[in-house]
Amino acid sequence: MKKMSPLFNFSLFLFFFLAYSFSMSAAWRTDEEVKEIYELWLEKHGKMNQKNGLLGENDDKRFEIFKDNLKFIDEHNSENRTYKVGLNRFADLTNDEYRSIYLGTKNDPKRRIMKSKNASLRYAFQAADKLPAAVDWRARGAVSPIKDQGNCGSCWAFSTIATVEAINQIRTGELIALSEQELVDCDSSDSGCDGGLMDDAFQFIIANGGIDTEVDYPYKGLNGQCDPSRENSKIVTIDSYEDVPGNNEKALQKAVAHQPVSVAIEASGRALQLYSSGIFTGKCGTELDHGVVIVGYGTENGKDYWIVRNSWGKSWGEEGHFRMERNVIGTDTGKCGIAMEASYPIKYGQNKAKIETKSGAEMVGRSSI
């Protein structure tokens, strides 16, 4: 008999996992069943120790956390909701561990008031405005492949870079992967892996005269020393940045219709930690702690949603993205505060580029308008 592959086995267990999820039986899984699922999950996510097949001394603790998360998943998915949770990469983390490692946007109420006062009228919504019913900047080639911030609270840098990559593509037709690590290392207004703000990062790129590529200043997922030789490599520039009028989902929709937009959300809840698919309608507040990017919006079965690009790799959510409920009744902040602190970079023309001639001399290429 042909031996089944680990991937097939995992798919088989996933089938039974979903079947259990919708069961209303009072009995739950045995430890043996959970252990089998756990070991397959370890293998899928590359967490197996080659020597003993497990994680070692912390495995008992991890197993109990995994078991508790699995029970939460089963109970959650047994209810009729617009979204599912599942055994993603965070399934062996407590909610406290998840929050301390992966969330990194600074929450400053005073700054929020200033942002509200200084918000641009560029995308202020007017009653006569006719916006597209759906937008997806991924399909338009303005969004780079999903990236992974690793065990570093640099979500703010990934949010910033994604919107700069997008506006550069919209203005120049060229999608260039840019350097989050340069922001982590060189942006003194922010705190690298310990958190930051997208507006500060936009300001750094403007003051620095541009930012380097990801290829030449690669991501390490650690706080490091600024590399002055690469800091002076200004491959892509922006001219300015602006804030979307706060607490206004229509203004946010208008902005997203024109370009991807950086936003902060409260992502600390367990349901979002273990999110798998669907339109997120779970409980969350407005203590903003995570930077992401809205790359589009749409409607499914009468439910409006935002398409949100995350920075936790493709194994999380819907290939690294999630859909967040849009036009929430009874609140002007948007789901999880998504409409509170939105901002976007501005670019008018081409990049300032230096091109080396065959003789080694430098000449100025295309200039920014």
Side-chain angles (χ1 to χ4, degrees), residues 105 115 118-124 131-132 135-147 154-183 187 190 196-217 233-245 251-264 291-297 306-311 320-321 338-339 341-353 365-369:
T105 295
K115 282 171 67 69
N118 297 329
S120 171
L121 296 179
R122 180 188 302 261
Y123 295 133
L131 302 178
V135 169
D136 189 342
W137 286 102
R138 298 171 299 179
R140 301 187 188 187
V143 182
S144 63
I146 287 293
K147 302 180 183 182
S154 55
C155 56
W156 59 275
F158 282 82
S159 175
T160 301
I161 289 296
T163 55
V164 174
E165 290 171 344
I167 195 61
N168 183 68
Q169 192 279 336
I170 292 168
R171 293 289 179 260
T172 70
E174 188 174 11
L175 183 61
I176 302 173
L178 301 175
S179 176
E180 291 86 5
Q181 191 65 43
E182 183 174 352
L183 293 180
D187 179 6
D190 291 303
L197 292 166
M198 286 77 84
D199 281 9
D200 286 345
F202 289 138
Q203 186 58 50
F204 167 82
I205 295 171
I206 295 165
N208 191 54
I211 191 143
D212 202 358
T213 65
E214 184 179 36
V215 169
D216 289 329
Y217 203 138
S233 183
K234 311 174 196 307
I235 303 301
V236 169
T237 62
I238 57 174
D239 295 287
S240 185
Y241 73 93
E242 292 176 344
D243 297 323
V244 178
L252 184 54
Q253 181 183 356
K254 185 175 181 178
V256 175
H258 288 83
Q259 65 186 94
V261 174
S262 287
V263 293
V292 289
V293 181
I294 302 179
V295 297
Y297 60 83
W306 300 109
I307 305 170
V308 187
R309 181 185 191 271
N310 210 341
S311 52
H321 299 83
I338 198 169
E341 292 191 7
S343 56
Y344 52 88
I346 297 170
K347 185 180 181 71
Y348 297 118
Q350 302 294 325
N351 296 306
K352 297 174 182 178
R366 298 176 296 181
S367 62
S368 179
I369 296 174

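Keep in mind that this is a model prediction, so the values were computed, not measured. Sequential numbering from 1 along the given sequence is applied to the chain's residues. Scope of the values below: all heavy atoms of this structure, side chains included, with no hydrogens, waters or symmetry mates.
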Would you say that [X] contacts [Y] through its side chain, given a criterion of any heavy-atom pair below 4.5 Å between the two side chains?
X: K254; Y: P245; result: no
X: P345; Y: Q259; result: yes
X: D239; Y: K347; result: yes
X: Y297; Y: L131; result: yes
X: Y217; Y: S233; result: no
X: S262; Y: Y241; result: no
X: W306; Y: Q253; result: yes
X: T172; Y: V236; result: no

Shortest non-hydrogen contact from [X] toward [Y]:
X: P260; Y: V293; answer: CB-CG1, 3.9 Å
X: A342; Y: L252; answer: CB-CD1, 3.6 Å
X: A162; Y: R309; answer: CB-NH1, 3.5 Å
X: H321; Y: V295; answer: CD2-CG2, 4.4 Å

Looking at [Y], is its backbone amide N or carbonyl O close enough to the side chain of [X] to form a donor-acceptor pair, meaning the two atoms are under 3.5 Å apart?
X: S159; Y: V292; value: yes
X: W156; Y: A264; value: no
X: N351; Y: T237; value: yes
X: S154; Y: A157; value: no
X: R140; Y: I170; value: no

Separation of [Y] [atom2] from [X] [atom1] (nearest 0.5 Å):
X: I205; Y: I211; atom1: CD1; atom2: CD1; answer: 4.0 Å
X: I294; Y: T163; atom1: CD1; atom2: OG1; answer: 11.5 Å
X: D216; Y: Q181; atom1: CG; atom2: CD; answer: 14.0 Å
X: Q169; Y: W137; atom1: CD; atom2: CH2; answer: 8.0 Å
X: N208; Y: I206; atom1: CG; atom2: CD1; answer: 11.0 Å
X: E341; Y: L197; atom1: CD; atom2: CG; answer: 7.0 Å

Working for side-chain contact (heavy atoms from CB on, under 4.5 Å), residues Y344 and E242: CA-CA 6 Å; Y344 52 88; E242 292 176 344; 2.5 Å; yes
By side-chain hydrogen bond (donor to acceptor under 3.5 Å, both in side chains), K147 pairs with (sequence neighbours left out) E165, E180
Sequence neighbours excluded, the answer for side-chain hydrogen bond (donor to acceptor under 3.5 Å, both in side chains) partners of R138 is D136
In a check of side chain to side chain contact (heavy atoms under 4.5 Å, CB included) between S343 and each of D243, V261, V244, which one passes? D243
Carefully, step by step, assess F204 and E182 under the rule side-chain contact (heavy atoms from CB on, under 4.5 Å). CA-CA 10 Å; F204 167 82; E182 183 174 352; 4.2 Å; yes
Using the rule given for side-chain contact (heavy atoms from CB on, under 4.5 Å), can you reason through R122 versus I346, listing the C-alpha separation, both sets of side-chain angles and the distance that settles it, and then say yes or no? CA-CA 11 Å; R122 180 188 302 261; I346 297 170; 3.4 Å; yes
